[in-house]
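Notes to accompany the following structure.
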2 protein chains.
Amino acid sequence: MSKLNNKDPKSDTGRSFARSPCPITNTLDLLGDKWTLILIRDLFFGKRTYGDFQSSPEGIPTNILAERLKRLLENGIISKEAYQDRPVRYAYTLTKKGEALGPIVEEIAVWGLKYIEGTEANLSKTN
Amino acid sequence: MSKLNNKDPKSDTGRSFARSPCPITNTLDLLGDKWTLILIRDLFFGKRTYGDFQSSPEGIPTNILAERLKRLLENGIISKEAYQDRPVRYAYTLTKKGEALGPIVEEIAVWGLKYIEGTEANLSKTN
DNA sequence: TCCTGTCACTTTAAATTTGCAAGTAACTAA
DNA sequence: TTAGTTACTTGCAAATTTAAAGTGACAGGA
């Protein structure tokens, strides 16, 4: 039951990985897609509600948004709390683990600004 | 004809983007998937041939490998050259633009090592 | 010459994921 | 009562990914 390359990381002993024990591979399995790091970026820019994320110019589909928020919650990268009752409204914020993604987001922005023509640094909230 | 949010980046004036002018978004459109940064990692570890990439423990499907190498070539992140004739064999290497991805890969590795239990730093070539 | 093997891909078909649109539930304000 | 907002969920077509097999160029050995 404790085979390597188990399809489900985290299951079993915690020492089996979906693809390999490489930290890069496993980080990519968590946030290596076209939307997750955009959410992390938005969180760094102070966005906190479901509606805030939807309003970013990239236009994330709502089903993808819900699923990504769930995955980030399950992995302890963000936390969710009601910031008001009547009606209940939720705010998502980065945990310490999530805040630690800062340097990754920063280096991606630096590279993009330097090598992709026409990209612009954040102009307030028009990410 | 020069609308923003054009579906085809690079088309038109070069000032229209697929999703937004954000450097993070555009970098993600280039390498935000589960395989591209693994190839970049392999290149940093000195792998250079098609076979080298195939032999990494993650087991990239060959059609994906071919397509990603093509995209990285088209975007000037890697270059391809024959390193022998009879039979012709090709080596892929990082360009200056590709080498500049070093800090991103590094920060991803640092985060993964710290926050994903069980991941291990590169043990020679067993990425 | 024929056969086997390697390297660098390409093709095919099925499985998975994505994107778009519409729908739902809770509640509030008019 | 009706309309509006927020935070999702559902359904389905389209796009992407995956595994597996196939192709073509060439080399070496029998």
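Both backbone and side-chain heavy atoms feed into the values below; hydrogens, waters and symmetry mates do not. Letters A, B, ... are given to chains in the order of the sequence lines, protein chains preceding strands, and every chain is numbered from 1.
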Cluster check A:Ile78, A:Val105: I/L/V/M/F/W/Y, side chain < 4.5 angstrom: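 In one cluster with A:Ile78: A:Val105, yes.
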Do A:Val110 and A:Phe45 land in one hydrophobic cluster if side-chain heavy atoms of ILVMFWY residues count as linked below 4.5 Å?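 No, it is not one cluster - the side chains of A:Val110 and A:Phe45 are not joined through contacts under 4.5 Å.
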Pairwise ring pair (Phe, Tyr, Trp, His ring centres under 6.0 Å) hits with a residue in residues 62-119 of chain A, at least two apart: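 Output for this query lists A:Trp111-A:Tyr115.
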Would you kindly give the [atom1]-to-[atom2] distance between [X] and [N], to the nearest whole Å?
{"X": "A:Leu65", "N": "C:dT17", "atom1": "CG", "atom2": "P", "result": "18 Å"}
{"X": "B:Glu58", "N": "D:dT18", "atom1": "CD", "atom2": "C1'", "result": "16 Å"}
{"X": "A:Glu81", "N": "D:dA7", "atom1": "CD", "atom2": "P", "result": "13 Å"}
{"X": "B:Ile38", "N": "D:dT17", "atom1": "CD1", "atom2": "P", "result": "13 Å"}
{"X": "A:Lys34", "N": "D:dT17", "atom1": "NZ", "atom2": "C1'", "result": "13 Å"}
{"X": "A:Asp29", "N": "D:dT17", "atom1": "CG", "atom2": "P", "result": "14 Å"}
{"X": "B:Ile60", "N": "C:dT10", "atom1": "CD1", "atom2": "C1'", "result": "15 Å"}
{"X": "A:Arg19", "N": "D:dA19", "atom1": "CZ", "atom2": "P", "result": "11 Å"}

Which of these passes side-chain contact (heavy atoms from CB on, under 4.5 Å) with A:Ile108: B:Leu101, B:Ile104, B:Leu31, B:Ile108?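 For A:Ile108, the side-chain contact (heavy atoms from CB on, under 4.5 Å) check succeeds only for B:Ile104.
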Should A:Trp35 be listed as having a side-chain N or O under 4.0 Å from OP1 or OP2 of C:dG19?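 It does, given that an N or O in the side chain of A:Trp35 lies less than 4.0 Å from OP1 or OP2 of C:dG19.
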Just to be sure I understand the rule, does A:Ile64 reach a base, reach only the sugar-phosphate, or reach nothing, if contact means heavy atoms closer than 4.0 Å?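 Counting heavy atoms under 4.0 Å across all strands, the contact made by A:Ile64 is with sugar-phosphate only.
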Answer yes if the side chains of A:Ser56 and A:Asp42 hold a donor-acceptor pair under 3.5 Å, and no otherwise.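 Yes, side-chain donor-acceptor contact under 3.5 Å.
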Report all side-chain donor-acceptor pairs from residues 59-70 of chain B shorter than 3.5 Å, counting only partners two or more places apart or in another chain.
residue	atom	partner	partner atom	Å
B:Arg68	NE	B:Asp33	OD2	3.2
B:Arg68	NE	B:Thr36	OG1	3.4
B:Arg68	NH2	B:Asp33	OD2	3.3

Tell me which of A:Arg86 and A:Pro61 sits closer to the 5' end of DNA chain C, going by the nucleotide each one is nearest to.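 In this pair, the answer is A:Pro61.
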Report yes or no: does A:Thr49 contribute a side-chain atom to a donor-acceptor pair with the main-chain N or O of A:Ala91 at less than 3.5 Å?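 Not a single qualifying donor-acceptor pair exists.
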N/O to N/O distances under 3.5 Å, protein versus nucleotides 8-16 of chain D:
residue	atom	partner	partner atom	Å
D:dC8	OP1	A:Lys80	NZ	3.1
D:dC8	OP2	A:Tyr92	OH	2.6
D:dT9	O4	A:Thr62	OG1	2.7
D:dG11	O6	A:Asn63	ND2	3.4

